[in-house]
Amino acid sequence: MMIPKETHNKEAEVLERALEAFNKLTGLNFMVEEREVDIEGREADAIISLAVDGKVFRYVAEIEKFLTPVKINLIFLKKLAQLHPKRIIVTDYINPNLAEQLRKLDIPFIDITGNAYIKEPPVYIFIKGNKQQIEVLAKKQKIRAFQPTGLKVVFAFLCQPELVNAPYREIAKKAKVALGTVGWVMRDLKEAGFLIGTKKRGRKLINRRKLLDRWVEAYPENLRPKLLVGRYQAEKDDWWKFTQIQDFNAYWGGEIAAAKITQYLKPEIATIYINDTPTKFLLHNKLAKKPDGNVEILKTFWEIDYNWPYKDLVPPILIYVDLLATGDTRSIETAQIIYERELARLIGEN
DNA sequence: TGCGCAGCGGTCGTTACTTA
DNA sequence: TAAGTAACGACCGCTGCGCA
């Protein structure tokens, strides 16, 4: 995929400034050894090294802008999969919550305000709480493909890649969006390097893994909150084992769906996607409204018939993203299992 | 300091027009 | 005639200002 020169310059600036801030604050010397290197067939932003007491620690620097909790969980997944040994996140700003999350997952980072986490025994550095600088390096671009309606279209494409060759009207129907939206999303996906071709020559979705990552980052922020009907509390923990969810025109998502597929997880939060108003479902399962309850009900947003044997579960992409959004280690590990079993073939990694 | 209102900008749906 | 594009308007959310 072609990456604009401007993007490279901004990433280089983030790296320079993060190293400068770290060195100034700690008195140590982090330096760039190589830029844009090929590591195990994947392009990495840079190799940086830190020399302490005659020892040199080398890291693959991954320059990330606008870090979110879900993005961190994705990074953790790659760490689990051992895609890059010893990677360090270099970013513009890490707030104290994100810093704690990174430390818990043992992911090293530095940012341009001097926040940092490095654990290389006997070296241990953890700096958080440095305030974000007012000037912003780059404004977060609003791309329609990753706005609420765009996310619905991209979800339909990820679940049914052949849908990109359907007429816009059919895409609009399957993704439950307006016709005009499809045109905007197609344009965005082409510009971002996720779609090639024309209706005449045939369109094709490319860089699907990266597209999935972008969707997973954007969904919890831009679409999921709009789907939430409410949170509820059940009388018993195992209530869900006795419910035929299809009778209510609904699907299990998140931890319950993951538990049913993998038997690896003991569900703590029940996520339900429902087509109709949930009144009958609530009454039947004796669910009471509670803001911090462990049952969350969301509206469905797709009309595609996903081809897999679990008719009472949401498509696996949705299970994957809901697990990543919960954030605990076991859920992230389960997300990785779902990815390997159900998603890798879908996005063409096998 | 907190609340409410107004204005503005962005998003998205509808519809009409263009193109093949 | 079907499919894609563009224009327009409605709606929603954010921000800033004024008032209590």
Side-chain angles (χ1 to χ4, degrees), chain A residues 4 6-7 10 65-71 92-93 95 97-98 131-208 210-231 273-278 289 291 296-305 314-315 317-318 321 325:
Chain A
E6 196 190 340
T7 309
K10 278 171 185 162
K65 278 178 276 176
F66 314 115
L67 218 55
T68 63
V70 173
K71 213 167 181 174
D92 44 359
Y93 175 64
N95 68 36
N97 291 338
L98 295 180
K131 293 274 190 301
Q132 186 171 22
Q133 290 164 9
I134 293 182
E135 47 104 19
V136 179
L137 279 174
K139 277 200 170 172
K140 204 170 187 174
Q141 260 189 315
K142 287 236 170 181
I143 300 173
R144 197 125 166 187
F146 301 107
Q147 295 304 307
T149 52
L151 287 167
K152 292 181 183 179
V153 177
V154 175
F155 176 75
F157 287 165
L158 287 168
C159 291
Q160 262 182 28
E162 68 278 7
L163 193 64
V164 291
N165 276 309
Y168 280 16
R169 279 161 179 80
E170 192 185 330
I171 297 169
K173 188 168 171 270
K174 295 259 168 131
K176 287 188 172 179
V177 298
L179 176 65
T181 303
V182 179
W184 282 103
V185 173
M186 297 298 246
R187 198 175 310 166
D188 279 354
L189 290 176
K190 276 183 187 167
E191 277 177 18
F194 294 119
L195 187 72
I196 52 169
T198 59
K199 174 71 181 163
K200 231 178 182 179
R201 288 185 286 128
R203 292 183 285 251
K204 193 181 175 209
L205 213 54
I206 56 170
N207 296 315
R208 281 195 240 166
K210 195 149 192 176
L211 181 61
L212 173 69
D213 285 353
R214 289 287 299 274
W215 190 87
V216 166
E217 286 164 24
Y219 171 77
E221 284 189 21
N222 296 344
L223 179 55
R224 201 176 198 277
K226 290 182 189 292
L227 304 172
L228 188 70
V229 176
R231 291 190 79 109
Y273 285 82
I274 195 160
N275 278 314
D276 308 325
T277 49
K289 187 124 191 158
E296 53 176 5
I297 297 183
L298 301 104
K299 287 176 276 185
T300 55
F301 61 92
W302 62 93
E303 220 159 69
I304 46 159
D305 188 20
V314 298
I317 294 173
L318 216 44
V321 67

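Proteins get letters first, then strands, A, B, ... in listed order; numbering begins at 1 in each.
- For the OP1/OP2 pair of dG4(C) and a distance below 4.0 Å, the side-chain nitrogens and oxygens of Arg203(A) include at least one atom meeting the criterion.
- A sub-4.0 Å separation between OP1 or OP2 of dC12(B) and a side-chain N or O of Thr181(A) is absent.
- In this structure, Trp184(A) atom CH2 and dT5(C) atom P are separated by 11 Å, rounded to whole Å.
- Between the C1' atom of dG13(B) and the CZ atom of Phe301(A) lies a distance of 19 Å, rounded to the nearest Å.
- Rounding to whole angstrom units, CE of residue Met186(A) and C1' of dG4(C) are separated by 10 Å.
- For the pair Leu223(A) CG and dG13(C) P, the interatomic distance rounds to 14 Å; values are reported in whole Å.
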Verdict with supporting geometry, Phe301(A) and Leu318(A), side-chain contact (heavy atoms from CB on, under 4.5 Å) | CA-CA 11 Å; Phe301(A) 61 92; Leu318(A) 216 44; 3.9 Å; yes
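- Look at NZ on Lys176(A): it is 14 Å from P on dT14(B), rounded to the nearest Å.
- With a 4.5 Å cut-off on side-chain heavy atoms, Pro315(A) and Trp302(A) count as touching.
- In the set dC12(B), dT14(B), dG4(C), the nucleotide with an atom closest to the side chain of Ala178(A) is dT14(B).
- Within the 3.5 Å criterion, the main-chain N or O of Leu151(A) finds a donor-acceptor partner in the side chain of Trp215(A).
- For the pair Tyr168(A) OH and dT19(B) C1', the computed distance is 13 Å after rounding to whole Å.
- If you measure from atom CD of Glu170(A) to atom C1' of dA2(C), you get 13 Å, rounded to the nearest angstrom.
- Nearest nucleotide to the side chain of Arg169(A), out of dC12(B), dA3(C), dT15(B): dA3(C).
- Counting heavy-atom neighbours within 6.0 Å of Lys176(A) NZ, excluding the residue itself, gives a total above 12.
- Of the possible polar contacts, one joining the Asn165(A) side chain to the Arg203(A) backbone as a donor-acceptor pair under 3.5 Å is found.
- One interatomic measurement links the two molecules: CD1 of Ile171(A) to P of dG4(C), which rounds to 7 Å at whole-angstrom precision.
- Within the 4.0 angstrom heavy-atom criterion, base atoms lie near Gly180(A).
- Each of dG13(B), dA3(C), dC12(B) was ranked by its minimum atom distance to the side chain of Pro167(A); first place goes to dA3(C).
- Taking only side-chain atoms of Val177(A), from C-beta outward, the nucleotide of dG13(B), dT11(B), dT5(C) with the closest atom is dG13(B).
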